[in-house]
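Working notes for the structure below.
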Protein chains: 2
Amino acid sequence: MSTKHIIMSMLEIAPMTGYEIAQNLSTSVVPFWSATASQIYNALKSMKENNLVETENSIRGEKMNVEQYTLTDTGRKELDDWIQDDIQYIPIREPFLLWSSYMEKCTLEQALSVIDKHIEKFEKRARQLEEATYKIQTNEYKLMKMRSESTPKEKFKKIQMARAFAYGEIAAKARFEVEQAKRIRQFAYSFFSENDL
Amino acid sequence: MSTKHIIMSMLEIAPMTGYEIAQNLSTSVVPFWSATASQIYNALKSMKENNLVETENSIRGEKMNVEQYTLTDTGRKELDDWIQDDIQYIPIREPFLLWSSYMEKCTLEQALSVIDKHIEKFEKRARQLEEATYKIQTNEYKLMKMRSESTPKEKFKKIQMARAFAYGEIAAKARFEVEQAKRIRQFAYSFFSENDL
DNA sequence: GATCGCATGTAAATGGTTACATGATTCG
DNA sequence: CGAATCATGTAACCATTTACATGCGATC
């Protein structure tokens with residue numbers, strides 16, 4: 001399970017609250033793994049029990065309680081070990097291609113509606129990721145800027161290289177998804193025009 | 001959740017036992033959704049409670065009990081409705097690219113080991129899918145042959161077209177994964193040679 | 001003072017994995 | 001007769017989703 005590890009990788013950058021982790025995972029583009037807020041709070045709870053993170057309570061404003069989470073040495077080690085382990089692949093789940101393989105069950109209009117929503121979704125994702133890749137390279141990206149403050153210059157450069165490359169590749173994957181959906185769109189036209197109309 | 005729907009789509013072809021469904025999902029290439037045997041038996045149980053499938057008990061050999069599952073009309077309708085619904089996307093999970101973005105945490109040797117395993121895995125998948133695509137077109141593919149026996153000729157041709165196209169596209173996706181991993185392999189070399197050696 | 005965003009959680013239900021358990025049939 | 005494969009399931013656990021619940025802080 002990588003939800004814990006992606007949380008650890010956030011806390012490696014800087015101590016954060018659960019809310020900030022959730023924000024960085026949803027609104028900023030951290031595009032390799034998603035998690036909901038309640039999932040994060042639950043994970044943090046169990047990580048605290050396993051001594052992977054520590055909390056520090058502080059007050060924001062008058063009386064608003066804020067829990068700040070810090071990665072422990074155990075947590076840091078766990079994170080390093082995880083990178084050196086074999087990758088745990090997840091079960092194959094291709095909802096869009098699964099749908100497309102049953103195209104004979106719907107009409108052209110229904111098909112185009114589904115396909116166009118798909119294109120829009122991944123077009124947007126691709127654009128965001130391409131922008132994020134650029135921002136990492138030019139050091140405008142929020143999380144990378146935070147990291148640059150807590151990391152020696154030489155090491156930071158390496159991290160920046162690795163991240164920028166990975167973001168470029170995940171952007172390429174989103175692009176592929178868009179191109180694929182466009183091919184499927186073309187196919188739908190020929191599929192429904194043959195002897196149906 | 002699509003696990004139930006992929007089971008229904010199997011039963012649409014022909015009545016089957018839980019074991020046969022599991023086999024068709026794992027050994028034959030049904031590459032859009034995966035499920036374990038126990039997941040399938042559990043799903044079938046709840047589908048029976050919801051009247052989506054019916055069972056018929058029979059004896060194989062001397063005393064071996066076999067449960068054969070058949071899709072009910074309710075189940076058939078549920079399957080058709082599902083295709084016409086919006087796609088339920090699953091959470092983003094990119095374990096390989098996630099790993100690659102933390103490349104600075106390992107050595108070149110470790111990186112190559114992970115990358116080469118990835119390439120092998122998806123190379124194999126791509127080859128299988130390319131072969132399956134061909135077999136669907138030439139009507140050598142087991143599940144399609146079964147279907148051709150229970151479906152009117154015109155309708156079968158349409159189904160064959162849709163499946164062959166979708167299989168071709170999922171093969172293309174596996175190919176993309178291989179090409180991407182090769183780029184990451186290249187990157188790893190340059191990443192670790194720069195001022196490290 | 002109302003609304004929106006910050007902040008933290010719990011509870012119930014569902015979905016999925018891993019391990020266990022059992023027994024029959026087929027084929028070499 | 002032993003091994004592989006056919007066949008069906010349960011139990012415990014873990015992961016995830018959805019819905020609920022609460023209250024502070026900033027700003028208009």
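In the text below, chain A, chain B and the rest are named by the order of the sequence lines, each starting its count at 1.
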Are B:Lys173 and A:Glu94 within salt-bridge range, i.e. N to O under 4.0 Å?
-> yes
Check the distance between [N]'s [atom2] and [X]'s [atom1] and give it to me in whole angstrom.
| X | N | atom1 | atom2 | result |
| --- | --- | --- | --- | --- |
| A:Asn57 | C:dG9 | CG | C1' | 14 Å |
| A:Asn65 | D:dG25 | CG | P | 10 Å |
| B:Leu44 | C:dG16 | CG | P | 14 Å |
| B:Ile6 | C:dG16 | CD1 | C1' | 16 Å |
| B:Tyr41 | C:dG16 | OH | C1' | 17 Å |
| B:Lys48 | D:dG9 | NZ | C1' | 13 Å |
| A:Gln23 | C:dC6 | CD | C1' | 8 Å |
| B:Asn50 | C:dA13 | CG | P | 16 Å |

Check: C:dT8 base within 3.5 Å donor-acceptor of A:Thr17 side chain = no
Ignoring backbone atoms, test whether [X] places a side-chain nitrogen or oxygen under 4.0 Å from the OP1 or OP2 oxygen of [N].
| X | N | value |
| --- | --- | --- |
| B:Tyr19 | D:dC6 | yes |
| A:Gln39 | D:dT17 | yes |
| A:Arg93 | D:dT16 | no |

By nearest nucleotide on DNA chain D, pick out whichever of B:Lys45 and B:Pro91 is the more 5' one.
-> B:Lys45
Would you kindly compare A:Ala35 and B:Gly18 by the position of their nearest DNA chain D nucleotide and give the one closer to the 5′ end?
-> B:Gly18
Test item: side-chain donor near acceptor, B:Ser9 and A:Tyr102, under 3.5 Å | yes
A:Glu169 versus B:Gln180, side-chain donor and acceptor atoms under 3.5 Å | yes
Nearest-nucleotide 5' precedence on DNA chain C, A:Asn42 against A:Met64 = A:Met64
Looking at every strand, decide which applies to B:Tyr89 at a 4.0 Å heavy-atom threshold: base, sugar-phosphate, or nothing.
-> nothing
Select base, sugar-phosphate, or nothing to describe what B:Thr3 touches, counting heavy atoms under 4.0 Å on all strands.
-> sugar-phosphate
Answer yes if the ring centres of B:Phe32 and A:Phe96 are under 6.0 angstrom apart, and no otherwise.
-> no
Consider the side chain of B:Glu67, meaning its heavy atoms from C-beta on, and name the nucleotide among D:dT17, D:dG9, C:dT8 that approaches it most closely.
-> D:dG9
When you measure from the side chain of A:Thr36, which nucleotide among D:dT8, D:dT17, C:dT8 comes out closest?
-> D:dT17
Can you get from B:Met146 to B:Leu11 by hopping between Ile, Leu, Val, Met, Phe, Trp and Tyr side chains that sit under 4.5 Å apart?
-> yes
